[in-house]
Structures are given as structure tokens and as C-alpha cells.
Amino acid sequence: MNAPHQATYLGMPAFPTAADASTRNTQLRANLRHATHTIRAKRASAVAELDDWSRLRAAGAAIKDRTLRHLDHYLERLESAVTAAGGHVHWAADADEANRIVTELVRATGEREVVKVKSMATQEIGLNNALATAGITAYETDLAELIVQLGDDLPSHILVPAIHRNRGEIRDIFAAKMAQWGRPAPEGLTDAPADLAEAARLHLREKFLNAKVGISGANFMVAETGTLVVVESEGNGRMCLTLPETLISVVGIEKIVPTFQDLEVFLQLLPRSSTAERMNPYTSTWTGTTDADGPSTFHLVLLDNGRTDTLADTVGRQALRCIRCSACLNVCPVYERAGGHAYGSAYPGPIGAILTPQLRGTQSEVDASLPYASSLCGACYEVCPVAIDIPEVLVHLRERVVEGGPASVRGTRAVIKPAKGHAAERAAMRAARWALDHPLVLRTGQRLASRTRRFHPRRLPGPGRAWSDTRELPSVPEESFRDWWQRTRGGSRTEGRKTT
Amino acid sequence: MTPRDPGSRNPDDPGNPGAQGAHAPGTRSTQDPGPHAPGAPGLGSRALVMARIRRALADVPRAETPGEVPVERTYHRVHGDRGSAETVDLLAEHLADYRAIVHRADTPDHTGAPEAPGAPGAPSLPALIARLLADRGATSVAVPPGLPASWLSDVPDAVRRVPDAAELTPHDLDAVSSVVTACAVAIAETGTVVLDAAPDQGRRHITLVPDHHICVIRVPDQVVGSVPEALERLDPARPLTWISGPSATSDIELDRVEGVHGPRTLEVILVGPQTAGRS
Ligand code: SF4
């Protein structure tokens, strides 16, 4: 079957333009508000059940730091453990190389169709499009990914890629599109979530039962044992990991944890942070291949694609601790307002605002604008289960965008030119203004004040510096940042309006 | 540990592009020819990524070992202080929270009280399994090779036994009504059962494709309090499946709905002495 056209993030407008469009989409905003507010409260109570949460969080951060500081060591261990257990390890320096490796591996099986379990890494590299170009159809099997794929849409949330769709829209997409991809939706499909789940079950069943090749990512890879871990809810992951003859996993090099015991921290942190559950319904672990149980061939593709550049930045490095729980998205006032697509990559929300500009660099308009897609309220840092100080990294990246400076670009130390006067700077300015202009976004003005005080900035880095005309920031207790902004527009109100 | 490339962490090393600094964005140094350079592609990229990592970690002292990066494990081994019967009760409660159907049975080698309305005591395991399969209308049941034969002794012959064999295809399994297995360990705090593909549980696909899974937990021996206690008992070399309630999704408006691809009905039987130690 020929797969219909698949959407891509390529050529998306910079954050402020995209955010303006989605802010005007009231349906999207209502869907997002409903979903994120539901999960926020649930997450808080799931976390409150564990009185040692802050210690688990500190241990999670420390284990990831240990891994990152010795990543070469752990990758070598992982590689030999996976190989010893019967797996094949491949290395991909960038997206193109990863796509080429996977395409060749699928071709070698002689199959033209693969089943996929949701994976951020394969979204990041645009694997489905690369496979389609080679005449291979990739079926997304996660319910939300299926909604996105059938709707010719883009993911807008890490955990729930179709969070911008409500049940009525999902029903319409299923009814209209399932037949193009396989088994049609049942007659008279309603918008009850249970009916929608049933429709997905029937639609994908034949694909699972016939699948010869499965493609996955992984939440964790254990260096000591070569064990991969996939955490999921629906059972589509188990299907893709168990039924096919060949399994190909594409995993970022930062997904390592040193020991099997270390999983005790992350298997407590992740489910409560992401779906607000004590434990997600299904977690699968596998180590190489097992005789007569599951795939007989296993390939692991280790992906760099900008991760080593991120690692080279001693401030930005912490973004590689991320376990993709999506808690930071769910609490972010900017995300709630702008929606996931505005971030222009597979990684939306606060984590996207710090990860994408590091993975891809800050040279394009959209990437330069991302560090400004925030009010620095700090809510993301508070909920992050691995304590990534997202506001700190945002401030750091704003400096890099505007003032330039040393950075690693595809593995090489380089000096980034300042964006001053370039389209990138204008996009960044607009992003900052967008965030600052939305009252909802800034309702946590007091927390912002305490954050900025913690950083002791002499002045706002980046465009903020331009607005404040290089004068000192007002002292925090006297005036909240929001009040200051509303009063002065950063000292460049008129000029700012013109560039909008 | 493998020693790092000497000098690769040293920013003052003249051979290290990090010391040179002034590349325009997007340019590549001669030391990083990129992944598309000629040569053996796989090996080339491995060396390339490793070299990038070593350059990126120039700030990490060369003598530092991974163990020197502090990790404080001050979190609890288990949350709360419970006796074994209370731990089993907590497991039952948390399994039920996520819509697993929980039953209790008396030890199979123990003469259980016959199941009768209003009668105290739990049914015997074989009687309970037979009833659950009958209630479900099961016409066939997948059977792991090492399942104790007595467990299915009360199930009528009309219910076809499907042994877990290598030649069983996913399509064959799709036609099977139910599966009965043991488990490796169960976690009270999270309401989780873990399967490790041992002979009394069978290969992974038999607990995946049929829509009805009956999982037997020997209590209190197989029940632990917490995730850390469970990992300690598990062998990472075996394929593990952690199950916390039946298949579910949160993908429609971030609300949990049960029943997508995995078994939509999960019945858990806690089998063991039902009187001793109950609080
Ligand atoms: S940055 Fe933290 S909160 Fe956000 S997705 Fe990653 S781990 Fe979760």
C-alpha cells in the first residue's frame, strides 16, 4: 500500500509566528488546556505518594550526570554487552546516516512494511519520510501517533502526540482515513474513548500479526548488561518488540544508564511524571536476542545527531538528562497557549526550547527564537524528574544567540557569530515579546522574579538587553517583571511594535 | 574501563580543534570529516562519535573515573513499613486500582474449603481457574510448558489446551481465548506483576496476543514491596514484561482508558495460605 503524504517540520515558521497562529485557534487551546490541566493535578498526587521524591530526583540527575561525564566509557560497555547478547550495533553520526542504516536494514529483510512503536528519536530524524522515499511504509501503532499519521498531522506533545485533538476530531479522522491505511473504522463509530480505542485495536491487529520488521526507540539502555527498556501503555510496544522477526531500535546515545539497578530510580520517576501513574501498564526489557522468544535479529542504531554538540556545552549538557516524561510541557503556560507545533521540531515545550537549539544549532530563525519561547517562570524546573534547570539553559542560550561565542557544531569547536541585526535576532525578539505579551503566560510573575534574582543577572541577556537599553534590571522586590514589562515594554515599546 | 585517547580531553593540546576555536559555524575541521566521508561507514561513524564525545568532555578531568561522580542513594528501599500480609493486601489494592481483577485462592497442595456462597475461605486454585475460564466462555487456553499440571486439572477437556510451542504463529494465538501463567515477582507499591519468560510463564507472545490473561502470584513469597526490591530479584538477561493492569491508553485527552492492544482483561490470582498472617 502506498502511504499517503507525511507531514514534516521542515520550513516551519519561527516560534512567534507559529504561536500566534495557534493562539488564535480556540479549539486547539481548549483541547490543550483541558488535557494539561487534567494531568497536572494527577501528577502532583502521584508524586506526593512518595515522600522521598526529591531524593529520587536528585539520584536520577546524578546517575545521568555520571553517565554523561563518562559517555564514551558507557557506550563501549553497552556496545560489547549488546553484541555479546546477540545484537548488532550501528553508529549514526547524524539523521541522514541513521535513516540510511535503517532503510538498508529493512531492505535486507525484503519487507516493504514495518510496524513502529512511538519513538522520539525516529521522529527527530524523520525516519518515516526516509522510509517512504525508499518505498517502505511505516505504520505508527501508538494510538496518538496513529491519530497524527492518519490525520497527516505533526506530533505536538512528547507523550501524547495528538494532544491537540479532542475525541470528536479523533473520531472524524478515524472514520475518514483508516480505510486508506488498512482496515476501515467500524460503521457508526462514536467519539467515546473506549470505542476509539477499540477501532484502533481492530485497525492495527492485522498489521501486528503480519509484521516481520519492528522499529522502536528505547527509554533506557543499560550499559552493564546491554538491556533495552521500553515503557508504554497500550501494548503496541510489546507487539512491535515481540512479534516481528527483526527488531531495529534507534536510540540517542544519551539514553544510557550505567547499571540494571539504576532502573530502580527511573522506573519510579518516569511513570509518575509522565502519565501520573504508579506504574505504566507495560514495560518491556530485552537483552540482545532470546532463543525462540521474540525477534531473532536485533539491531541497535546509536544516534548522535547533535547530542555530542549538546554535551560539549557545560551549561546546556544537562538537557541530555531528559527522560522525555513531558511533565514540563504540561505545566508550561507558554506551551499551553502556543501548542506543540509552534516549537518547530519533534521536541515541543520547555525541553524543546533548550534541546532543539542545541541539537540543531541556533543559526536558523526558528531555532534562534526557541530560547525566547519562555517566560522563565520556572515551573518546568520544579516538575522535572531529573532536575534540569531549564530556565538556566534558556538564559544561557539567549546569550549565545545574541552575543555569539564558542560552541560545538557537528563535533567541532566553533565560534558562533552573534545574531545581531539578522533575521534570527528579529525572530527571537518577536518570540520574547510574544511570551511577555500574554498575561496568562506571565501570571506567575512572582516566581519569575525569584528566578531572575537567583541568577543575579546584571541585565537581561539577549534581546532583553536591547529592550532595556543596557541599563540595569529593576531590583526584583520592588516591581515584578511583568509589571515592569507592561509599564515599559522593555524600553522599546514603539520600536518593538514596528517590527511585529 | 577503557582508557581515553590520551590528550583528547586537553583543550591546550594543539592537535585538539577545541584549542583553535575560530571555525565559522557549520564548517568542519579536518578532524571531523563527518559521517559521509569515504571509508567503512559503520566503523567510521563509531570512531567519529567517540572522538566527538571525548572532545565534548574536555572539561572532565582525565583521571576521573565514573565511580567518582557522586550518586547518593538516600531514597527509600521501600515506602512504609508493612508485614508480608499487609504487603499482599497493598498489592491487591493497587492491582485493582488499575482495573486488574483480583482473586484469592488457597495453596494448590492444600485442601481448600469448597467454594460456596457465603462460605468463608478461598477456593482452591484449580477450581478458581476453571471457573474464571468458564465465566469467560473460553474455548481454548494457551499453556506455558512449565505450568503445574494441577492448575488446569479442573478445566474440562472441551477447553482446548494450546501448548506454547515454537511453531505457534501470532495468527494461531489470535484465535486462542485465554492464557494462564505464573509470574516471576509482583510489586505491591506499584501494582505490578513481572514475567520473565520462565517455563511456568512461557514465551512473551502467549501473554500478549490472547485477550484474557490469568496470572497466578504465589503469596507472600513472590511479592515484594517496591521497585528496587523487584529489580534485585530479576535477571536482566531474560526478557522481562512488567504488567500493571490491563492494556490502557492516555492518548485521548490524557485520560486513562482500558483496553487497546494487550490483553484487555487481566485477572490476577493471589494463591497462598489465606489465613496465616492476615492482619
Ligand atoms: S525536561 Fe524534565 S520534565 Fe521535561 S520532558 Fe525532560 S525529563 Fe521530563
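In what follows, every chain begins at residue 1, and chains take the letters A, B, ... in the order their sequences are listed.
Using a 4.5 Å heavy-atom threshold, the side chains of A:Arg238 and B:Thr207 count as touching. A 4.5 Å side-chain heavy-atom check between A:Met279 and B:Val227 finds at least one atom pair inside the cut-off. Looking at heavy atoms from C-beta onward, A:Leu311 lies in side-chain contact with B:Ile53 at the 4.5 angstrom threshold.
Between the side chain of B:Thr190 and the backbone N or O of A:Arg278 there is no donor-acceptor pair closer than 3.5 Å. For A:Arg66 (side chain) and B:Pro66 (main-chain N/O), a donor-acceptor pair under 3.5 Å exists by modelled atom type. Between the side chain of A:Tyr282 and the main chain of B:Thr241, no donor-acceptor pair closer than 3.5 Å is present. Here the side chain of B:Arg204 pairs no donor or acceptor atom with the backbone of A:Leu243 at under 3.5 angstrom.
Contacts between A:Thr141 and chain B at a heavy-atom distance below 4.5 Å involve the backbone alone (N, CA, C, O). Contacts between A:Gln261 and chain B at a heavy-atom distance below 4.5 Å involve backbone atoms as well as side-chain atoms. In this structure, the portions of B:Pro236 lying under 4.5 Å from any heavy atom of chain A include both its backbone and its side chain. With a 4.5 angstrom heavy-atom cutoff, A:Arg307 does not touch chain B via any of its atoms. Contacts of A:Arg77 with chain B are absent, with no heavy-atom separation under 4.5 Å from either backbone or side chain. With a 4.5 Å cut-off on non-hydrogen atoms, A:Leu209 touches chain B through its backbone and its side chain both. Both the backbone and the side chain of B:His76 come within less than 4.5 Å of a heavy atom in chain A. Neither the backbone nor the side chain of A:Ala211 comes within contact range of chain B; no heavy atom of the residue lies under 4.5 Å from a heavy atom of that chain. For A:Ala58, no part lies under 4.5 angstrom from a heavy atom of chain B. In this structure, the portions of B:Val49 lying under 4.5 Å from any heavy atom of chain A include both its backbone and its side chain. For A:Leu68, the part lying near chain B is the backbone, with the side chain staying farther off; criterion is any non-hydrogen pair under 4.5 Å. Residue contact with chain B, scored on non-hydrogen atoms closer than 4.5 Å, involves the backbone and the side chain of A:Ala59 alike. When heavy atoms are compared at a cutoff of 4.5 Å, A:Pro193 approaches chain B by way of both its backbone and its side chain. For A:Ile163, the part lying under 4.5 angstrom from a heavy atom of chain B is the side chain only. In this structure, no portion of B:Asp164 lies under 4.5 Å from any heavy atom of chain A. Interface residue A:Asp304: only side-chain heavy atoms are found under 4.5 Å from chain B. Looking at B:Ala248, both its backbone and its side chain come within 4.5 Å of chain A, counting heavy atoms on both sides. When heavy atoms are compared at a cutoff of 4.5 Å, B:Pro263 approaches chain A by way of both its backbone and its side chain. Looking at A:Asn280, only its backbone comes within 4.5 Å of chain B, counting heavy atoms on both sides. No part of A:His90 comes within reach of chain B, as not one of its non-hydrogen atoms sits under 4.5 angstrom from that chain. Contacts of B:Val209 with chain A are made by both backbone and side-chain atoms, with heavy-atom separations under 4.5 Å.
The two atoms that bring B:Pro70 and A:Ala62 nearest to each other are O-CB, 3.4 Å, heavy atoms only. Contact record, A:Arg201 with B:Gly262: NH1-O, 3.2 Å, taken as the closest heavy-atom pair.
Summarising the geometry, atom NE2 belonging to B:His205 is positioned 12.0 Å from atom CE belonging to A:Met239; distances are rounded to the nearest 0.5 Å. Distance check, rounded to the nearest 0.5 Å: CG of A:Leu263 to CG of B:Leu231 gives 6.0 Å. Separation of atoms CD1 (B:Ile252) and CG (A:Leu143) is listed at 5.0 Å; rounding is to 0.5 Å. In this structure, OG1 in A:Thr242 is found 12.0 Å from CD1 in B:Ile206, a value given to the nearest 0.5 Å. One finds the CH2 atom of A:Trp91 at 11.0 Å from the CG atom of B:Leu48 (value rounded to the nearest 0.5 Å). To the nearest 0.5 Å, atoms CD (A:Glu232) and NE2 (B:His261) are separated by 9.0 Å.
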Exercise. Could you please spell out the steps behind the side-chain contact (heavy atoms from CB on, under 4.5 Å) verdict for A:Asp293 and B:Arg238?
Key: CA-CA 10 Å; A:Asp293 185 352; B:Arg238 308 187 69 90; over 6 Å; no

Exercise. Carefully, step by step, assess A:Thr290 and B:Arg203 under the rule side-chain hydrogen bond (donor to acceptor under 3.5 Å, both in side chains).
Key: CA-CA 10 Å; A:Thr290 305; B:Arg203 291 180 296 158; over 6 Å; no

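Under the 4.0 Å criterion applied to side-chain N and carboxylate O atoms, A:Arg69 and B:Glu68 are not assigned as salt-bridge partners. Using a 4.0 Å cut-off between a side-chain N of Lys or Arg and a carboxylate O of Asp or Glu, B:Glu189 and A:Arg272 do not qualify as a salt bridge. Ion pair A:Asp262/B:Arg73 flagged as a salt bridge, since at least one NZ, NE, NH1 or NH2 atom sits closer than 4.0 Å to an Asp/Glu carboxylate oxygen.
At a cut-off of 3.5 Å, with distance as the only test, a side-chain donor of B:His171 or A:Asn210 sits close to an acceptor on the other residue. A side-chain N or O of A:Glu264 and one of B:Tyr75 form a donor-acceptor pair less than 3.5 Å apart. In this structure, a donor-acceptor pair under 3.5 Å is absent between the side chains of A:Glu277 and B:Ser244. In this structure, a donor-acceptor pair under 3.5 Å is present between the side chains of B:Glu64 and A:His70. In this model, no donor atom of one side chain and acceptor atom of the other lie less than 3.5 Å apart for A:Ser408 and B:Arg52.
Per-residue counts of heavy-atom pairs under 4.5 Å with chain B were compared for A:Val160, A:Leu196, A:Ile170; the largest is that of A:Val160. Between chain B and the options A:Asn166, A:Thr67, A:Leu159, the largest number of non-hydrogen pairs under 4.5 Å is found for A:Asn166. Among the candidates B:Gly67, B:Ala230, B:Gly80, B:Gly191, the residue making the largest number of heavy-atom pairs closer than 4.5 Å to chain A is B:Gly67. Per-residue heavy-atom pair counts under 4.5 Å with chain A were compared for B:Asp211, B:Leu266, B:Ile187, and the maximum is reached by B:Asp211. Counting heavy-atom pairs closer than 4.5 Å to chain B, the top-ranked of the candidates A:Leu50, A:Asn31, A:Thr314 is A:Leu50. For the options A:Asn330, A:Asp65, A:Thr36, A:Thr283, heavy-atom pairs under 4.5 Å to chain B are most numerous at A:Thr283. No other option in A:His164, A:Glu224, A:Glu79, A:Glu49 has as many heavy-atom pairs under 4.5 Å with chain B as A:Glu79. Each of B:Leu208, B:Thr74, B:Leu173, B:Ile243 has some count of heavy-atom pairs under 4.5 Å with chain A, and the biggest count is that of B:Leu208.
Shown here are the side chain to side chain donor-acceptor pair (under 3.5 Å) partners of A:His88, two or more places apart in sequence or in another chain: there are none.
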